[in-house]
Protein chains: 2
Amino acid sequence: MASTEDTIAVRISKELADRIISGAIEPGSRLRQDHVAEEFNTSHVPVREAFRRLEAQGLAISEPRRGVRVASFDLGEVREVAEMRAALEVLALRHAAPHLTASILGQAEEATKAGDKSHDVRSWEEANRTFHRLILAPCNMPRLLATIDDLHAASARFLFAAWRSEWETRTDQDHRAILSALRQGNTESAAATLGRHVQWIGQKPVKTASGRTRDAFAIVG
Amino acid sequence: MASTEDTIAVRISKELADRIISGAIEPGSRLRQDHVAEEFNTSHVPVREAFRRLEAQGLAISEPRRGVRVASFDLGEVREVAEMRAALEVLALRHAAPHLTASILGQAEEATKAGDKSHDVRSWEEANRTFHRLILAPCNMPRLLATIDDLHAASARFLFAAWRSEWETRTDQDHRAILSALRQGNTESAAATLGRHVQWIGQKPVKTASGRTRDAFAIVG
DNA sequence: AACTCAAAAATTATCTATAATTTGACGCCA
DNA sequence: TGGCGTCAAATTATAGATAATTTTTGAGTT
């Protein structure tokens, strides 16, 4: 996955991003440049550059002279990301719709089926992300797609924090409705469904470190 | 402006961002780390970090082992930024509206007047940006506001590229309509006007390096 | 003149070393 | 016991040195 063409800084940032998203590193915990450098067998110079990338993606927060920590999040940020995704994915879909082919819609349907069959969060998330990317990519707006990608990374993080292990299979009616509307050339209906779809925030009781249960929230679309 | 608390990398990235936005550095031109380091009397380590920040803002493009260049742009990207701004600023305004006070709206009106009186692009742009920031900031959505800020930086760049020097004063009816709707508590009307407003793309003939004239485009709201 | 191709120069990426700052522990004293 | 200052250890930030890569130059060839 980490192509050898990538610079070390990019490799490190991808690996750390993965750990942050999967929850392997706790929100709020410090990222110490020397420790990371040692783990990756490099000096801290590329590590610092990796930190800047994580910062830009909103996965880490850096305070001058006080180091970098994994970004924390709360229900407010989950809502914020959901609404930004709704606004931007609807925009992307409107532009992508005219360029969607039967082949792309077919692949999107496969992704939906894969998601429905998933027994764990990680594979569901991957299938879901594939679906969204497939129907939005043809909008041909690189800046928009890059921003949406960052939002998806944030979404995945919220999701894994709430559904660390358990996952119930369920058939995604929204995805099917979107595909059906797109096949009929009804872009506005597809966009409206998509906008609602990504704002659906799931709720789930999780156990905290202190043994108590509280509700966790995540975007489930 | 460049606070001494900032790390050197931040100071450099702010200064370079300013130059790129103002057009002092040509799109496509290379940013050489040693030269920048020498100019700022530092080593190239903070320079490289500054480059990563510019990359994240979409102001520079980095190719591994081949250096960093100032990002180019075309009409397509101007449209893209305009549409993203429309989608996100409308979202921000909907959330900000309930928190807008008479004082904020007063300041926004002052900013509009300052813009109307501006005889040069730079001061118009600053007043315009102030207006937008004032009415959107109370949405209290930091990620959304940060994204909008980056889009404003891109907008400013397009604007300065097209209207390098000449500027005609004009009264901004849209801003007044938005303020009036907000004062009446009519959020949806204000949002609709704002959405149209930031998608208005101005067109202006400019002289190219080769002496010919072509049309330049920029967001004028 | 145009076209290799190799060597030199310039530039990027990384490593090692040092300075500056923050964190944390310890002991002191009210 | 609890707050406070001081010093040591850890950590961040920058500088200087080196390795690896790309770009440029230019001689030699067709």
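Below, each value reflects all heavy atoms present in this structure, side chains not excepted, and no hydrogens, waters or symmetry copies. A note on names: the letters A, B, ... follow the listed sequences, proteins ahead of strands, and every chain is numbered from 1. All figures in this text were calculated on a predicted structure; none of them were measured in a lab.
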Checklist entry - Do NZ/NE/NH1/NH2 and the carboxylate oxygens of B:Arg11 and B:Glu15 come within less than 4.0 Å? => result no
List every contact pair, protein side and nucleotides 17-20 of chain D side both N or O, where the distance is under 3.5 Å.
{"unit_1": "D:dA17", "atom_1": "N6", "unit_2": "B:His44", "atom_2": "NE2", "d": "3.3"}

Please determine if a side-chain N or O atom of [X] lies less than 4.0 Å away from the OP1 or OP2 oxygen of [N].
{"X": "A:Ser43", "N": "C:dC15", "value": "yes"}
{"X": "B:Arg66", "N": "D:dT23", "value": "yes"}
{"X": "A:Thr7", "N": "C:dT12", "value": "no"}

Keeping the roles fixed (side chain from [X], backbone from [Y]), state whether a donor-acceptor pair exists under 3.5 Å.
{"X": "A:Ser22", "Y": "A:Asp18", "value": "yes"}
{"X": "B:Ser118", "Y": "B:Asp120", "value": "no"}
{"X": "A:Glu80", "Y": "B:Leu144", "value": "yes"}

What is the distance from [atom1] of [X] to [atom2] of [N], rounded to the nearest Å?
{"X": "A:Asn41", "N": "C:dC15", "atom1": "CG", "atom2": "P", "result": "9 Å"}
{"X": "B:Glu49", "N": "C:dT12", "atom1": "CD", "atom2": "C1'", "result": "16 Å"}
{"X": "B:Arg69", "N": "C:dT11", "atom1": "CZ", "atom2": "P", "result": "13 Å"}
{"X": "B:Arg48", "N": "C:dA13", "atom1": "CZ", "atom2": "C1'", "result": "5 Å"}
{"X": "B:Ile12", "N": "D:dA15", "atom1": "CD1", "atom2": "C1'", "result": "13 Å"}
{"X": "B:Glu55", "N": "C:dT12", "atom1": "CD", "atom2": "C1'", "result": "14 Å"}
{"X": "B:Phe51", "N": "C:dT12", "atom1": "CZ", "atom2": "P", "result": "7 Å"}

Distance-only side-chain donor-acceptor flag, [X] / [Y], under 3.5 Å:
{"X": "A:Arg69", "Y": "A:Ser29", "value": "no"}
{"X": "B:Asp150", "Y": "B:Thr147", "value": "no"}
{"X": "A:Arg65", "Y": "B:Thr7", "value": "no"}

Item to check | Output field: ring centroids B:His132/B:His175 closer than 6.0 Å | outcome: yes
Item to check | Ring centre gap for B:Phe73 and B:Phe158 strictly below 6.0 Å | outcome: yes
Item to check | Within residues 30-39 of chain B: residues closer than 4.0 Å to DNA chain C (heavy atoms) | outcome: B:Arg30, B:Leu31, B:Arg32, B:Gln33, B:Asp34, B:His35
Next on the checklist: So if I apply the side-chain contact (heavy atoms from CB on, under 4.5 Å) rule between B:Arg85 and each of B:Val90, B:Ile148, B:Ile219, which one comes out positive?
Outcome noted: B:Ile219
Report all interatomic pairs (protein N or O, nucleotide N or O of nucleotides 5-8 of chain C) with separations under 3.5 Å.
none

Checklist entry - Within a radius of less than 6.0 Å around CD of A:Gln199, do more than 12 heavy atoms belonging to other residues, nucleotides or ligands occur? => result yes
